[in-house]
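Heads up, the thing below is written out as structure tokens.
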Amino acid sequence: MVAGVLAPALLLWAQQPRYFFTGDTQAAYLGWQFHLGRQLLDGHWPLLDPQAWQAGNFVAEGQAGLFSPLAMGVGLLATSVGNVLVFATLLKLLVACIGALGVFALARSYGAAAPLALAAAVASPLGGMTQYLDLASWVAGLMIWALVPWVWWALRRTMLLDASPFPVLVLGYLLVTVGYVYGTLMLILVLLASLVECRIARDLSAAMRVLGVGVVCGLVAFTVYLPGVLTRPATNRGTELLLTGKFDSDPLALLSSVLPAAVVPDTTLHVLPYAYTAWFLPVLLWLDRDQVRREWRRVAGLLVMVAALLVVVLGPAQLGPLRWPLRLQPFLVQLLVVLCAAAVSRYLVRHPSRKRLLASLLWVAVAAVAALPRYPQGWPWLAGSVVVVTGGLVALWLLVRRTRDRRTLLLGAGVAVAFSLATTVLQHAAFPEAPSPERNLPSSAADYRRPLATARGDVMVVGDVSSLLEADASANADFLAGSAWYLNPHPVRNTYTTINHRGYRTAFDVGYEGSTSPEVLDGLLSREPTTGLPRVDLLAVSTLLFVRQDFPAGRLADPPSGWQVSETTAHAVTWVRNQPLPGAGRPVWTSPGTVVSAVSADDRTTRFRLDAAPPAGGRVTVATLDWPGYRTDVGAIGEPLDGYLLTVDVPAEAVGRTVTVQFAPPGWPFEVATWCLGVAAGLGWSGAWWLVGRRGRRRPRG
């Protein structure tokens, strides 16, 4: 099975060595992993990084994995690797194999014969979104995809066997703490489907065990996600309902999903087979309908999950902050292949007739007719898909029409695996490129230290870095993208974020991966009216790195007073201050008559002594974003300066005192309490089972 999973992946790697190192793997996850690992090695737990500005609220970001042992382990490894391309590739292949093993285990728990469970496991990572998005770019999606079947398998052990809850609680914790909300949504659906099975079996004790798992994981989920929910009003995360958009689907696309070259309607980005599920699904038409009617309860949980995922995948393109329903398509693939393996093992008719074969081939024909208008120029690949899928179905039918012994199952599984690999080869011949941008970041970790050789203090990058890197690989000597800047020794604020800060984003139009427009330079040099200071001073920026091609010739040759050109290359111009500023997190302005001294700052705390203040009180502006959660022990947090900078209103009677301004995520005492309670409840339940509960284990009903 592992060989079957690795074979197509290694073929992809041989064809495109950077296939598993594109998009957000380069721009987001590599840097997040490295930053977390480096901070842990330095003895810090990075709830907040003021120097990263709009990308620095890691506890609200979620996907930074602050509570995840998996993320911490990967981060610690990332700090020690020499070749980040090899590291990312091996990590993804390992996760893919772990996920496929989970599919195998889940299929077996539902009564699938081992050879058919193997075929399902090999097919599970070959779905369209897994192949073209998660494996290529979206690490968090791949991780939750790998964990969900293991969580479900462990839950079934606890539910049906009264086995130790420790495995499911550990796996559930790992799933929730990835910080990618779709994993937690899948956990909720798994719990609901399991409760349906308990209701059908009229097993109250099993239902209570399922609810117990839900409570423990839910307590941890509060800790992981509530900071982001309470921070959302300060961000640009959407709240609207959109019926169509990127990565949505429709019933015809799902009908066509048995063909590897069938594409989804309009992704607004690329025409790719995102909706592809598995070629052998028409085999479901060979089931014994009477036996299914009698024994459907054995796979009730799978049926509930498939129905729920179909509703989600066919649902709105955006529902509040939840977007792009095809992101859950990898789970639909998992469920469909597990259902197919379990149903064929249990309900396949003894001698499938020619009519049943023709019915399955009719499905393929209708799928082709539905798919052709969506991508008519791809008709040769669509025709090839029809030929391959038809050949696979006929081969399976010839095997099972006469006998159904173990040898037949083994041969059938071999045919299923072989044709699954064939469909993958065809798919990547038709669509060889992953859609995620290739930003041409270096393979060697040492090369990430090359940019900003002359930088001093905090750095801001101005220009469309992503477009430059995509167009010219040599630009990576001067620029990095998104969170890859964390691998550079200088503090750069143009790192990756999925949330951003509304006021800062409005003022400087910094994209999610750190790119800006060249007009940002004018905004940085303009004076803020309340303070009269240039905004670049209020931001405590001491180095500006420009994308040279984005500016007219000569525009960058004459920096303002107090700055100098420190380096000019074919792609970049660097300005540095003659006298660098202290950096983010420190006071940058005080109102008239207000004087502060003895300033100190770290990632979550700023302290200063108030030496003078007018009778009506004064105001101190700190070079950090006014994220929800800041508080002060003297005075009060004021209205943000310029819509984004943290301010502290200090009373006159506080003169001579030390003012401490500290950040804690909104709702932090409650969030810490829920984490402690969840972990304590999980350990207590597991310990109690080992002490008194082992005699109650039961054999599975499946």
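Every value quoted in this text rests on a predicted model; they were computed, and no experiment measured them. Both backbone and side-chain heavy atoms feed into the values below; hydrogens, waters and symmetry mates do not.
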Once rounded to the nearest 0.5 Å, what's the spacing between atom CG of Leu332 and atom CG of Leu254? 6.5 Å
What pair of heavy atoms forms the shortest contact from Ser436 to Thr22, and how long is it? CB-OG1, 3.8 Å
Main-chain N/O of Thr498 paired with Glu61 side-chain donor or acceptor, under 3.5 Å: yes
Side-chain donor or acceptor of Thr79 paired with backbone N/O of Leu76 under 3.5 Å: yes
Taking the side chain as C-beta and beyond, is there a heavy-atom pair between Tyr448 and Val84 under 4.5 Å? yes
Side chain to side chain donor-acceptor pair (under 3.5 Å) against His490, all qualifying residues, sequence neighbours excluded: none
Does His501 form a side-chain contact (heavy atoms from CB on, under 4.5 Å) with Asn236? I'd like the steps, not just the answer. CA-CA 7 Å; His501 184 283; Asn236 276 334; over 6 Å; no
If you count every heavy atom of other residues, nucleotides or ligands that lies below 6.0 Å from Phe222 atom CZ, does the total exceed 12? no
Looking only at atom types and distance, does a side-chain atom of Ser467 sit under 3.5 Å from a main-chain N or O of Asp464, one as donor and one as acceptor? no
So ring-ring contact (aromatic ring centres under 6.0 Å, His included) across residues 38-81, not counting sequence neighbours, yields His35-Phe58, Trp45-Phe67, Trp53-Tyr504
Determine, stepwise, if the pair Ser483 / Leu30 fulfils side-chain contact (heavy atoms from CB on, under 4.5 Å). CA-CA 7 Å; Ser483 294; Leu30 172 64; over 6 Å; no
Heavy-atom side-chain proximity of Val461 to Arg493 below 4.5 angstrom: no
Is there any ring-ring contact (aromatic ring centres under 6.0 Å, His included) pair reaching into residues 464-484, and which pairs are they, with sequence neighbours excluded? none
Any donor-acceptor N/O pair, Ser80 side chain to Leu77 backbone, under 3.5 Å: yes
Restricting to pairs with a member in residues 62-73, which pass side chain to side chain donor-acceptor pair (under 3.5 Å), not counting sequence neighbours? Tyr29-Gln63
Under the 3.5 angstrom rule, does the side chain of Asn83 hit a backbone N or O of Val86 as a donor-acceptor pair? yes
To the nearest 0.5 angstrom, please state how far the CG atom of Leu309 sits from the CD atom of Gln334. 9.5 Å
Aromatic ring proximity Tyr496/Trp32, centre distance under 6.0 Å: yes
Residues Thr495, Tyr486; criterion side-chain contact (heavy atoms from CB on, under 4.5 Å); working and verdict: CA-CA 8 Å; Thr495 47; Tyr486 291 126; 3.3 Å; yes
Can you tell me how far apart OG1 (Thr423) and CZ (Phe280) are? Round to the nearest 0.5 Å. 9.0 Å
Please report the shortest heavy-atom distance between Ala572 and Leu545, naming the atom on each side. CB-CD1, 3.9 Å
Validation row: Val388, Trp279 side chains within 4.5 angstrom (heavy atoms): no
Spell out, as yes or no, whether a donor-acceptor pair under 3.5 Å connects the side chain of Thr516 to the backbone of Gly463. yes
Residue pair Ala342 / Leu302: nearest heavy atoms and the distance that separates them: CB-CD1, 4.3 Å
Please list, chain by chain and in numerical order, all residues satisfying side chain to side chain donor-acceptor pair (under 3.5 Å) with Arg18, sequence neighbours excluded. Glu438, Ser443
Without placing hydrogens or testing angles, list every side-chain donor-acceptor pair under 3.5 Å for residues 122-136, not counting sequence neighbours.
| residue | atom | partner | partner atom | Å |
| --- | --- | --- | --- | --- |
| Ser124 | OG | Ala121 | O | 2.7 |
| Gln131 | OE1 | His428 | NE2 | 2.7 |
| Gln131 | NE2 | Pro125 | O | 2.9 |
| Tyr132 | OH | Gln427 | O | 3.2 |
| Tyr132 | OH | His428 | ND1 | 3.4 |
| Tyr132 | OH | Phe431 | O | 2.8 |

Does any part of the side chain of Ile144, heavy atoms only, come nearer than 4.5 Å to the side chain of Phe331, both counted from C-beta? yes
Set of residues satisfying salt bridge (charged side-chain N to carboxylate O under 4.0 Å, His left out) with respect to Arg108, sequence neighbours excluded: none
List the residues meeting side chain to side chain donor-acceptor pair (under 3.5 Å) with Trp150, not counting sequence neighbours, and say none if there are none. none
Take Leu326 and Gln329 through the side-chain contact (heavy atoms from CB on, under 4.5 Å) test and state the conclusion after the steps. CA-CA 5 Å; Leu326 271 181; Gln329 187 264 2; 3.8 Å; yes
Short question: side chain of Thr674, backbone of Leu219 - any donor-acceptor pair under 3.5 Å? yes
Can you confirm whether Arg449 is buried at CZ, in the sense that more than 12 heavy atoms of other residues, nucleotides or ligands lie under 6.0 Å from that atom? no
Point-to-point distance, once rounded to the nearest 0.5 Å, from CG of Leu480 to CG of Leu469: 7.5 Å
Is there side-chain contact between Gln33 and Val139, with at least one heavy-atom pair below 4.5 Å? yes
Tell me whether the count of non-hydrogen atoms from other residues, nucleotides or ligands lying under 6.0 Å of CH2 in Trp13 goes above 12. no
Let me have the donor-acceptor pairs involving side chains of residues 185-194, under 3.5 Å, with sequence neighbours excluded, atom names and distances please.
| residue | atom | partner | partner atom | Å |
| --- | --- | --- | --- | --- |
| Ser194 | OG | Val190 | O | 2.9 |

Between CZ of Arg439 and CZ of Phe21, what distance do you get to the nearest 0.5 Å? 11.0 Å
Can you confirm whether Tyr225 is buried at OH, in the sense that more than 12 heavy atoms of other residues, nucleotides or ligands lie under 6.0 Å from that atom? yes
Would you say Asn500's side chain and Gln54's backbone share a donor-acceptor pair under 3.5 angstrom? no
Taking Arg604 for the side chain and Leu47 for the main chain, is one N or O donor matched with an acceptor at less than 3.5 Å? no
Please confirm whether the backbone N or O of Val510 pairs with a side-chain atom of Arg505, one donor and one acceptor, at under 3.5 Å? yes
Pairwise side-chain contact, Lys92 with Leu142, heavy-atom cut-off 4.5 Å (strictly under): yes
Shortest non-hydrogen contact between Val213 and Val168, atoms and distance: CG2-CG1, 3.8 Å
Check: Trp152 ring centre within less than 6.0 Å of Tyr110 ring centre: yes
Among all residues two or more places apart in sequence or in another chain, which pass the side chain to side chain donor-acceptor pair (under 3.5 Å) test with Asp478? Thr569
With the side chain counted from C-beta on, respond yes when Arg450 and Asn476 share a heavy-atom pair under 4.5 Å apart, and no when they do not. yes
What pair of heavy atoms forms the shortest contact from Tyr19 to Leu12, and how long is it? CE2-CD1, 3.8 Å
Mind checking what makes side chain to side chain contact (heavy atoms under 4.5 Å, CB included) contact with Thr235, not counting sequence neighbours? Thr231, Arg232, Arg237, Ile499, Trp627
Between atom CG of Asp49 and atom CD of Gln39, what is the distance when rounded to the nearest 0.5 Å? 6.5 Å
Could you tabulate the donor-acceptor pairs under 3.5 Å formed by side-chain atoms of residues 94-106, not counting sequence neighbours?
none

Between Tyr173 and Val224, is there a side-chain heavy-atom distance shorter than 4.5 Å? no
Nearest non-hydrogen partners of Leu441 and Ala481, listed with the distance: CD2-N, 3.9 Å
